[in-house]
Enquirer: 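My structure is below; once you've seen it, I'll send some questions.
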There are 2 protein chains.
Amino acid sequence: MTENVPLPDFDLSRFMPYRLAVAAQRTSEELARQYRDRFGISIPEWRVLVHLATAEDVSVRDIEARVAMEKSKVSRAATRLEAQGYVTKTQHQGDRRLVRLKLTPRGRELMAELLPLAQAYQDEIEARLGAAFAHLESGLTALLQDK
Amino acid sequence: MTENVPLPDFDLSRFMPYRLAVAAQRTSEELARQYRDRFGISIPEWRVLVHLATAEDVSVRDIEARVAMEKSKVSRAATRLEAQGYVTKTQHQGDRRLVRLKLTPRGRELMAELLPLAQAYQDEIEARLGAAFAHLESGLTALLQDK
DNA sequence: TTGACATCGTTGCATGTGCAATGATTAAAC
DNA sequence: GTTTAATCATTGCACATGCAACGATGTCAA
């Protein structure tokens, strides 16, 4: 007769980690599918490419710190990108533990296509949300800053 | 001499899908580790449990729609939960294609521990963000409503 | 009834993932 | 200078994942 332990009310749809996960999934899904179907690129690979488009001469460690991915994930993404001919991996001259990642010309051409796609998607989200976009931005800034 | 294709500027750290992914990862990580280390529960399992704590007599299909997970993910989470003794899977009487998921008494006891943990975490986030929490909420609401 | 089609849940398969352990290299300690 | 510790990137392993295919059941039309 003690089978029915009472449970507190809880609304998953208002739980912030859940809402963020769903929002991230929704917004990534459409773009990720385009990347995958048209270019054979996954999200981890895309993140590495974006960072290389900004700063060349980057190590796995640098990317790990900048794009919020585990180093093994970065390493495997870089290996796949190298196999696809978008990236070269060479030994760093000063510190031979480091790997120097660099876009190939073909990789640059790819990014010249991908980056406008991403920017257009960002613009589309911003247009759709209107004033709420700024709210979302300030909320995320607060959430992501310290810690 | 045409090696250097020019690339448009792009700031990954301001790209909304990326920011949302990082925010989701950060906020889920801490809680997920607690669930895993202390109770042996993963995030997909947790989502199923939360929904069962709210509404009993639920099918895999129902959960798939409510908690934003693929049906195969729900199915496997339910299988694991059954093996751990937190959930029972029985055949629905009316429609024998459906599986009726239900918390066991032990499952209810687990949730009586887990739900307050989640609520405390939610409260902590809200306290830390202050006014920005409301901004985040309204932004997410706008983003997630239609589609 | 029969047949065609839709729905539900599970599973096979290839691939991605986190985590710990490893080898290679460099830095620090003494 | 030698030993010890730290750092960088990769890899092995067990497991999770998405997706398509499947079997079982239910629905609908003729």
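Model, not experiment: these values are computed from the prediction. The chains referred to below are lettered A, B, ... by the order of the sequence lines, with proteins before strands, and numbering in each begins at 1.
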Enquirer: Here's a test of your reading of the structure: between Asp62(B) and Gly94(A), which maps to the more 5' nucleotide of DNA chain C?
Expert: Asp62(B)
Enquirer: Angle between the two end axes of the helix from dT1(C)-dA30(D) to dC30(C)-dG1(D), five base pairs per end, rounded to 10 degrees?
Expert: 20°
Enquirer: The criterion is side-chain hydrogen bond (donor to acceptor under 3.5 Å, both in side chains); which residues satisfy it with Ser72(B), sequence neighbours excluded?
Expert: none
Enquirer: Could you tell me from which nucleotide to which nucleotide of DNA chain C, 5' to 3', there is an atom under 4.0 Å from chain A heavy atoms?
Expert: dT17(C) to dT26(C)
Enquirer: Where the side chain of Glu45(B) meets the backbone of Ser42(B), is there a donor-acceptor pair that is under 3.5 Å apart?
Expert: yes
Enquirer: Apply side chain to side chain contact (heavy atoms under 4.5 Å, CB included) to Ala120(B) and list each qualifying residue two or more places apart in sequence or on a separate chain.
Expert: none
Enquirer: Could you tell me which residues satisfy side chain to side chain contact (heavy atoms under 4.5 Å, CB included) with Leu129(B), sequence neighbours excluded, listed by chain and number?
Expert: Ala142(A), Leu143(A), Ile125(B), Ala132(B), Phe133(B), Leu136(B)
Enquirer: Measure NE2/His92(B) against C1'/dG26(D) and give the value in whole Å, please.
Expert: 13 Å
Enquirer: Calculate the interatomic distance between Met69(A) atom CE and dT10(D) atom C1'; express it in whole Å.
Expert: 15 Å
Enquirer: At under 4.0 Å between heavy atoms, which parts of nucleotides 11-25 of chain D does protein reach? Answer with one letter per nucleotide, 5' to 3': B base, S sugar-phosphate only, - none.
Expert: BB----BBB-----B
Enquirer: Taking side chain to side chain contact (heavy atoms under 4.5 Å, CB included) as the definition, give me every residue that meets it alongside Ala78(A), ordered by chain and number, with sequence neighbours left out.
Expert: Lys89(A), Leu101(A)
Enquirer: In chain order, what residues pass the side-chain hydrogen bond (donor to acceptor under 3.5 Å, both in side chains) check against Arg61(B), with sequence neighbours excluded?
Expert: none
Enquirer: With Tyr35(B), which residues qualify under side-chain hydrogen bond (donor to acceptor under 3.5 Å, both in side chains), at least two apart?
Expert: Trp46(B)
Enquirer: Over how many whole Å does the gap from Lys89(A) atom NZ to dC8(D) atom P extend?
Expert: 16 Å
Enquirer: Just jot down the side chain to side chain contact (heavy atoms under 4.5 Å, CB included) partners of Thr104(B), sequence neighbours excluded, or say none.
Expert: Thr88(B), Arg106(B)
Enquirer: Taking only residues two or more places apart in sequence, or in another chain, which ones meet Asp37(B) in a side-chain hydrogen bond (donor to acceptor under 3.5 Å, both in side chains)?
Expert: none
Enquirer: Enumerate, atom names and distances included, each donor-acceptor pair closer than 3.5 Å involving a side-chain atom of residues 10-25 of chain B, sequence neighbours excluded.
Expert:
unit_1	atom_1	unit_2	atom_2	d
Asp11(B)	OD1	Ser13(B)	N	3.1
Asp11(B)	OD1	Ser13(B)	OG	2.7
Asp11(B)	OD2	Ser13(B)	OG	3.4
Asp11(B)	OD2	Arg14(B)	NH1	3.2
Tyr18(B)	OH	Arg66(A)	O	3.3
Arg19(B)	NH2	Thr141(A)	OG1	2.9

